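Step one of this worksheet: look at the structure below.
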Amino acid sequence: MPELPEVEVVRAGLERHLIGKEISEVSVYHPRAIRKHLAGPKDFEGRLVGRKISDIRRRGKYLWFEFDDDEVLVGHLGMSGQFLLVPTDLEFEKHLRINFAFANWPTQLRFVDQRTFGGMSIDQFDSANDAPASISNIALDPFDPAFDIEELIERLRGRDSQIKRLLLDQNLVSGIGNIYADESLWRAKIHPERPASSLTKAKLKLLIESATAVMGEALAVGGTSFDDLYVNVNGESGYFERGLAVYGRRGEPCPRCRVAIRREAFMNRSSHFCPGCQPGPRTG
DNA sequence: ATGGTGACCTGGAGGC
DNA sequence: TGCCTCCAGGTCACCA
């Protein structure tokens, strides 16, 4: 469920507690959690012990831990991943996949992930791209200081694809998932299935600004959470669900025009939109 | 190159 | 109670 705001809340929480800490023990409990680390669990565990965390960073929905050289530890939460900081003597969680212990600190970092779509791997840092090598294809997110909205608009302009498909394409702009895609399209009054080529430059700009705004607001209140699958690093869930205008609100009146919100199948998941103020792809 | 589809997993909710 | 279907915030591989 985590999109950019949720991942950033986690990153900030980890940063607050883990900078300067030395990893003393690593245990992998489920091989799928490190499936991208081809050298396997023993290699994964062994290469992290003794490392001191110097920084924790994020691009889009990926986050990574930096040490004192070019090796980094990359993580992705998938649909259900959580990083929990818990006292060492606390019972293991049912879906604990990886456990990290630290020198002289009675707290463990636990990667818990029910659906196992998330995972971690050790990677080389690519300083030319300022990110781990394995995520070189991931575009900058709107909160990156180097993010260039004009350049993104140029890449979107004239594309025949449906605009929501492009918003979700992490190679064009990263961090936006299904919730914030639906919310930004609603704010910009754009139907999710409109081809990008039918949108003016100004409309595309409004859309990206809306995405940035809605994610910024979610970030300010600690992310979005619908249930306990997602909690932040201290175990608290976010409160932004109250701020959602269309996502998960099928049948409820649009906050802007009172027409009932529709939910439709889209790309093997769903789109929520207002048929009243987000005119369909053929009606313009 | 781009777009469409299903696969990868576990579990909760709701209908019968 | 149980069995069934549908649903879930993300990627990834593969096909046309």
Side-chain angles (χ1 to χ4, degrees), chain A residues 1-10 29-36 38 58-63 74-83 93-97 111-121 132 134-139 141 155-186 192-197 211 214-215 218-219 221-232 237-251 263-272 281:
Chain A
M1 6 261 263
E3 302 182 30
L4 185 153
E6 293 76 27
V7 179
E8 174 56 23
V9 168
V10 169
Y29 293 104
H30 196 306
R32 240 182 89 76
I34 57 147
R35 62 195 178 283
K36 282 189 169 177
L38 302 177
R58 180 191 56 73
R59 176 171 293 180
K61 303 168 195 169
Y62 288 84
L63 54 79
V74 186
H76 194 290
L77 300 175
M79 294 277 261
S80 54
Q82 300 169 262
F83 280 111
E93 292 74 11
K94 180 175 181 190
H95 302 294
L96 177 65
R97 307 308 186 198
F111 180 63
V112 175
D113 185 13
Q114 179 204 111
R115 293 174 70 187
T116 69
F117 289 165
M120 304 189 80
S121 61
S134 62
I135 65 164
S136 61
N137 58 319
I138 301 298
D141 63 64
R155 294 185 71 185
L156 293 172
R157 275 184 72 186
R159 293 275 299 259
D160 291 330
S161 305
Q162 297 170 326
I163 187 62
K164 183 172 171 183
R165 173 179 284 275
L166 299 178
L167 263 191
L168 292 172
D169 185 343
Q170 305 295 303
N171 301 327
L172 288 171
V173 55
S174 68
I176 303 171
N178 207 36
I179 294 181
Y180 297 111
D182 283 0
E183 292 298 314
S184 10
L185 287 160
W186 177 81
E193 296 182 7
R194 287 273 301 271
S197 54
V214 71
M215 290 195 293
L219 188 50
V221 295
T224 300
S225 176
F226 295 147
D227 54 46
D228 63 5
L229 271 184
Y230 171 75
V231 290
N232 74 18
S237 56
Y239 295 98
F240 190 62
E241 62 266 40
R242 274 176 264 165
L244 299 178
V246 287
Y247 189 86
R249 298 194 183 280
R250 168 168 47 171
R263 175 183 166 280
E264 280 184 11
F266 183 84
M267 285 174 71
N268 274 341
R269 42 167 52 81
S270 55
S271 281
H272 304 77

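The analysis underlying the following values was restricted to heavy atoms, covering all of them including side chains, and did not include hydrogens, waters or symmetry mates. Note that the coordinates shown come from a computational prediction; the quantities given were computed from them, not determined experimentally. In the text below, chain A, chain B and the rest are named by the order of the sequence lines, each starting its count at 1.
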Any idea which of C:dC7, C:dC12, C:dG9 is nearest the A:R263 side chain?
-> C:dC7
Using ring-ring contact (aromatic ring centres under 6.0 Å, His included) as the criterion, list what pairs up with A:H76, not counting sequence neighbours.
-> A:Y62
Counting N and O atoms only, with roles assigned by atom type, does the side chain of A:R59 sit under 3.5 Å from a partner on the main chain of A:P132, one being a donor and the other an acceptor?
-> no
For A:K61 and C:dG9, is the shortest distance between a side-chain N/O and OP1 or OP2 below 4.0 Å?
-> no
Taking atom P in both B:dC9 and C:dC3, what distance in whole Å separates the two?
-> 24 Å
Over how many whole Å does the gap from A:E6 atom CD to C:dA8 atom P extend?
-> 16 Å
Rounded to the nearest angstrom, tell me the gap between atom CG in A:L172 and atom P in B:dA1.
-> 14 Å
Atom CZ of A:F266 to atom P of C:dC7: distance rounded to whole Å?
-> 16 Å
Of the nucleotides C:dC12, C:dG10, C:dG9, which one has an atom closest to the side chain of A:H76?
-> C:dG10
What is the distance from atom CG of A:L244 to atom CD1 of A:I179, rounded to the nearest 0.5 Å?
-> 6.0 Å
Between A:Y180 and C:dG9, is there a side-chain N or O to OP1/OP2 distance below 4.0 Å?
-> no
Send over the distance from A:L166 CG to B:dT2 P, rounded to a whole Å.
-> 10 Å
Nucleotide B:dT2, atom C1' - distance to CD of A:Q170 in whole Å = 17 Å
Sorted by chain and number, sequence neighbours left out, side chain to side chain contact (heavy atoms under 4.5 Å, CB included) with A:R263 holds for A:R250, A:S270, A:H272
Are OP1 or OP2 of C:dG9 and a side-chain N or O of A:R269 less than 4.0 angstrom apart?
-> yes
Across all chains, not counting sequence neighbours, the side chain to side chain contact (heavy atoms under 4.5 Å, CB included) partners of A:R155 are A:L172
Classify every nucleotide of nucleotides 4-12 of chain B by which part a protein heavy atom approaches to under 4.0 Å, writing B for the base, S for the sugar-phosphate alone and - for neither, in 5'-to-3' order.
-> B-B-BBBS-
Inter-nucleotide C1' distance (C:dC4, B:dC8), Å rounded = 22 Å
Secondary structure string for DNA chain B (Watson-Crick or G-U under 3.5 angstrom, | for other-strand pairs) | .|||||||.|||||||
Does the distance from a Lys or Arg side-chain N to an Asp or Glu carboxylate O, for A:K164 and A:D182, drop under 4.0 Å?
-> yes
Which distance, rounded to the nearest 0.5 Å, do you find between the CG of A:L4 and the CE of A:M215?
-> 5.0 Å
May I have the distance from A:N178 (atom CG) to C:dG9 (atom P), rounded to whole angstrom?
-> 5 Å
Which residues pass the side chain to side chain contact (heavy atoms under 4.5 Å, CB included) test with A:A245, sequence neighbours left out?
-> A:E183, A:W186, A:P255
Any ion pair linking A:D141 and A:K61 (charged N to carboxylate O, less than 4.0 Å)?
-> no
Gap between atom CZ of A:R35 and atom CE of A:M120 - 0.5 Å precision = 12.5 Å
When the distance from CG of A:L168 to C1' of B:dT2 is rounded to whole Å, what number comes out?
-> 16 Å
Integer-rounded Å distance: C:dC12 P and A:I135 CD1 | 11 Å
